[in-house]
Amino acid sequence: MNLACIDGLTSHLIQAHGAADLETTITPDLCPPGMCGDVTVNCFRIAKAFGSNPMSLAQEAASYLDTHPDVSQVEQIKAFVNITLEISALYRDTIADMDGLLGKASVPVSSKKRILIEYSAPNTNKPQHLGHVRNNTLGSALCSILSSVGHDVTAVNLINDRGIHICKSMLGYQRFGDDSSPESAGEKGDHFVGGFYVLFEKEVRRQADVLKASRPEFKDLSYDELFPETEVGQSAQELLRLWESNDSDTRDLWQKMNNWVLSGFDETYKRMGVAFDRVYFESATYEFGKEVINRTLKIPVFYRRDDGATEIDLDDVNLGKKVVLRSDGTSVYVTQDIGTTIRKHEDFAPDSMIWIVGDEQIHHFKVLFAILAKMGIPWSDQLHHIPYGMVNLPSGRMKSREGIVVDADELFDEMTGLAREATLERWADEVPADLDERSEIIGMGALKFMLLKVNPKTTMTFDPNASMKFEGDTGPYVQYVYARIASILRKLDANVLQVDTDWSLLKEPEERLVAIQCGFYPAILLNAAGNFDTSVVANYLLDLTKAFNRFYKKHSVLSAATNELTTARVALCRCVQTILREGLRNLSIQTLESM
RNA sequence: GCUCCGGUAGCUCAGUAGGAUAGAGCAACAGCCUUCUAAGCUGUGGGUCACAGGUUCGAAUCCUGUCCGGAGUACCA
């Protein structure tokens, strides 16, 4: 928030105390409820920068502000200085210039970066579940936020379309598919294929149980450990060998099934409003890493072990030793990522690269970045893993292989179905023509908001029965305020509007608070972008909407005492609407004119 | 074993450059629709901020230890 009186205070204090830390900017906070003031300056926080003690600095600040023309009242409590602004200054420095306000939600030109952001990265052996939804939602929201503050953002997806897990669903289809297709089964492609993955896993367990019963040495082994011993397990590995040797039947089946899955993903992405600038396929990129290592082998960071494996020593950064090529010369996971990282950099030459991947891979990315650094990649310090926590169910974590998952598409249907019911209930007499679209925007908005308002790094619990609410701290609550304002604007008789907005008529505390809240928007957005944290935006929007609802309840816009007052309140409403639209858009949530 | 992350109201979560009486929603209870959409507003109750020490004028926040939970620690991805 850029208040002239705070700017004045800053330069006054710098002048009085000589060279203060130039990084120091005094950022006012919202004055807590119960305290007298619009904003507050915490002198505990800034005292050190001015080489002064908090109390005397607060006194100094208070006496400066007391004489400032923008300040009508100052209250000093301990080292807090609570400021009540002159009404002209309050609106002048917040919402009177909306273009200026929104313009502050931007990083300096010198800090603008070309950012490559990779997210989603699904496997093509099963449909997406709630965990992927969190990833997709975070990814698209962070893309919006980062580009909104001025960065040049490129979104990429890396489809994991090869490997043993893909062969599992392929083998499942070969065994149980009976030449069916998504069309013949009347099923979405990714669900169709995922069904065979589950059937395969069931078969593994069945065969493993037989082994356990007949062979005492297998009795205490887990299903994972027994996998290579089962007939289907061995067949899946054989299928992988066939795939790698380019066996045409295997490749045909693989291509056919992947296409089914990808067309299913297209629908899911479309419904979420997720789009990528570029899609990479692991089947096409997984050999890059091997080439890079072989090329780099002369650099002493990689060395051949006695058993033939190629390794790198990361002991000095506490990451131990890491094999990058197996003794048979094939590459491991991190090797593939080395290759795709370099390839992505060649393709886009970004200043910075970001991966949105679950927190279980924190270690993997530390290793990846450390290897790239050791290889002497000059941009290796511009790589960031944005980890996010898992989404658990009240019963514990989701288990794809056992089918204990919250399916993305089903969840979308449930959310939008509930939104539809709620809409019909409200509009019983006149069913809106755009019912489907409304239900979609409200239901998806509720889901996305629920995921985004939680700090990304928090492991969260999703209770299907309790989470699907449209009241309280939810997306629809925010959307509702937008729609309420839209409704006011529809009913507004344009003839009552005055030519000029006289902001100083907005004297009510509820009006002042709304304006102050609006003023915080740029700082919030920059904070979210700087910390890759969507939750600050979501929680801010809730604060703003709560402030607006209190105003709305207490004061009428259309029936205000004078046309001048209506004009000013309409202007206030429009500002709120703009920020809500911008804020929600940055969370990839749409708004509605009526709901 | 080692490493990382977490433990805040009955539930789900905010709150870390140390700062004013620890916040919100849900759930519970009590009010508010002849007035711009009640997906709303107002109020009540509900807390040893896991535990124990330490640093500090001041700690949910920083340090140490303990307990509990999760993840990682592959020539898996």
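Letters A, B, ... mirror the listed sequences (proteins, then strands); counts begin at 1. Heavy atoms only: backbone and side chains are in, while hydrogens, waters and symmetry mates are out.
Checking U12(B), G72(B), A77(B) against the side-chain heavy atoms of V332(A) singles out A77(B) as nearest. Checking A14(B), A77(B), A20(B) against the side-chain heavy atoms of E282(A) singles out A77(B) as nearest.
The nearest whole Å value for the distance from the CG atom in L393(A) to the P atom in U12(B) is 13 Å. In this entry the distance linking NZ of K78(A) with P of G18(B) reads 17 Å, nearest Å. Between N318(A) atom CG and G1(B) atom P there is a gap of 19 Å when expressed in whole angstrom units. The nearest whole Å value for the distance from the CZ atom in F227(A) to the P atom in A77(B) is 13 Å. Straight-line distance from the CD1 atom of I485(A) to the P atom of G40(B): 15 Å, rounded to whole Å. In this structure, R45(A) atom CZ and A59(B) atom P are separated by 17 Å, rounded to whole Å. In this structure, R162(A) places its CZ atom 9 Å from C1' of A77(B), rounding to the nearest Å. Between the C1' atom of C76(B) and the CD atom of E360(A) lies a distance of 13 Å, rounded to the nearest Å.
Here the straight-line distance linking atom CG of L580(A) with atom CZ of R484(A) works out to 12.5 Å at 0.5 Å rounding. Atom CG of L30(A) and atom CG of L513(A) lie 6.0 Å apart (nearest 0.5 Å). If you take CD on Q336(A) and CG on L368(A), they are separated by 11.5 Å, rounding to the nearest 0.5 Å.
Within residues 546-565 of chain A, the residues that have a heavy atom under 4.0 Å from RNA chain B are, in order of number, K546(A), N549(A), R550(A), Y552(A), K553(A), H555(A), S556(A), V557(A), L558(A). Within residues 486-496 of chain A, the residues approached by RNA chain B to less than 4.0 Å at the level of any non-hydrogen atom are S487(A), I488(A), K491(A), in residue-number order. Of the residues in residues 440-453 of chain A, those placing a heavy atom less than 4.0 Å from an atom of RNA chain B are I442(A), in numerical order. Near RNA chain B, meaning a heavy atom under 4.0 Å away, the residues from residues 526-543 of chain A are N539(A).
Between E238(A) and R241(A) there is a salt bridge, since at least one side-chain N of the basic residue sits less than 4.0 Å from a carboxylate O of the acidic one.
If you take atom C1' in C4(B) and the same atom in A20(B), they sit 35 Å apart, rounded to whole Å. Going from the P atom of G72(B) to that of G25(B) covers 36 Å, rounded to whole Å. Nucleotides A59(B) and A17(B), compared at atom C1', are 15 Å apart to the nearest Å. For the C1' atoms, the distance from A28(B) to C68(B) is 29 Å, rounded to whole Å. The separation of U16(B) from A52(B), taken at their P atoms, amounts to 24 Å, rounded to a whole angstrom. Rounded to a whole angstrom, the distance from the C1' atom of G15(B) to that of A24(B) is 10 Å. Between the C1' atoms of G1(B) and U48(B), the separation comes to 34 Å (whole Å). If you take atom C1' in G19(B) and the same atom in U42(B), they sit 31 Å apart, rounded to whole Å.
Pair assignment for A9(B): none, as no Watson-Crick or G-U wobble contacts are both less than 3.5 Å. When both distances must be under 3.5 Å, the Watson-Crick or G-U wobble mate of C2(B) is G72(B). Searching all strands for a Watson-Crick or G-U wobble partner of G18(B) with both distances below 3.5 Å returns nothing. Across all strands shown, nothing is found opposite U34(B) as a Watson-Crick or G-U wobble partner with both distances under 3.5 Å. Base pairing of U44(B) is made with A28(B), judged by Watson-Crick or G-U wobble geometry with both donor-acceptor distances under 3.5 Å. Nucleotide G53(B) forms a pair with C63(B), judged by Watson-Crick or G-U wobble geometry with both contacts under 3.5 Å.
Put simply, R397(A) has a side-chain N or O that comes within less than 4.0 Å of OP1 or OP2 on A71(B). Side-chain N/O atoms of Y477(A) include one lying less than 4.0 angstrom from OP1 or OP2 on C41(B).
Using a 4.0 Å heavy-atom cutoff across all strands shown, T423(A) reaches at least one base atom of the nucleic acid. Residue M595(A) is classed as a base contact, given a heavy-atom separation below 4.0 Å to a base. The residue S594(A) sits close to a base: some heavy atom pair falls under 4.0 Å. A483(A) comes within 4.0 angstrom of a base, heavy atoms only. T330(A) comes within 4.0 angstrom of nothing in the nucleic acid, heavy atoms only.
Side-chain contact annotation: N160(A) with H165(A), donor-acceptor N/O pair under 3.5 Å absent. When only modelled atom types and interatomic distance are considered, S120(A) and N135(A) share no side-chain donor-acceptor pair under 3.5 Å. Looking only at atom types and distance, the side chain of N549(A) has a donor-acceptor partner in the side chain of Y477(A) under 3.5 Å away. Side-chain contact of T124(A) with D161(A): a donor-acceptor pair under 3.5 Å is absent, judged by distance alone. If you check the side chains of N53(A) and S56(A), you find a donor sitting under 3.5 Å from an acceptor. At a cut-off of 3.5 Å, with distance as the only test, a side-chain donor of T330(A) or D328(A) sits close to an acceptor on the other residue.
Contacts of E282(A) classified as salt bridge (charged side-chain N to carboxylate O under 4.0 Å, His left out), with partners at least two apart in sequence or in another chain: R162(A). Taking Y552(A) as the reference, nothing meets the ring-ring contact (aromatic ring centres under 6.0 Å, His included) condition, with sequence neighbours excluded. In terms of the ring-ring contact (aromatic ring centres under 6.0 Å, His included) criterion, residue partners of Y119(A) (sequence neighbours excluded) are, by chain and number, F276(A). Under the side-chain hydrogen bond (donor to acceptor under 3.5 Å, both in side chains) criterion, E421(A) pairs with no residue, sequence neighbours left out. Remark: F369(A) engages W355(A), F365(A) in a ring-ring contact (aromatic ring centres under 6.0 Å, His included) (not counting sequence neighbours).
F551(A) has its ring centre less than 6.0 Å from the ring centre of F548(A).
Checked by atom type and distance alone, the side chain of E225(A) pairs as donor or acceptor with a backbone atom of S222(A) at under 3.5 Å. With hydrogens and angles disregarded, a donor-acceptor distance shorter than 3.5 Å links the side chain of T567(A) to the backbone of Q498(A).
Taking the six-membered ring for Trp and thresholds of 30 and 60 degrees, Y286(A) and W243(A) have ring planes inclined between 30 and 60 degrees apart.
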Write down the protein N/O and nucleotide N/O pairs, taken from nucleotides 55-58 of chain B, whose separation is under 3.5 Å; answer none if there are no such pairs.
none

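For residues 536-557 of chain A, every residue pair satisfying the salt bridge (Lys or Arg N to Asp or Glu O under 4.0 Å) rule, not counting sequence neighbours, is listed here: D473(A)-K546(A), E510(A)-K554(A).
By the 4.5 Å heavy-atom criterion applied to side chains, L130(A) and M398(A) are counted as neighbours.
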Practice item. Do nucleotides 2-11 of chain B as a string where each nucleotide becomes B, S or -: B if the base has a protein heavy atom under 4.0 Å, S if just the sugar-phosphate does, - if no protein is that close. Key: ----------
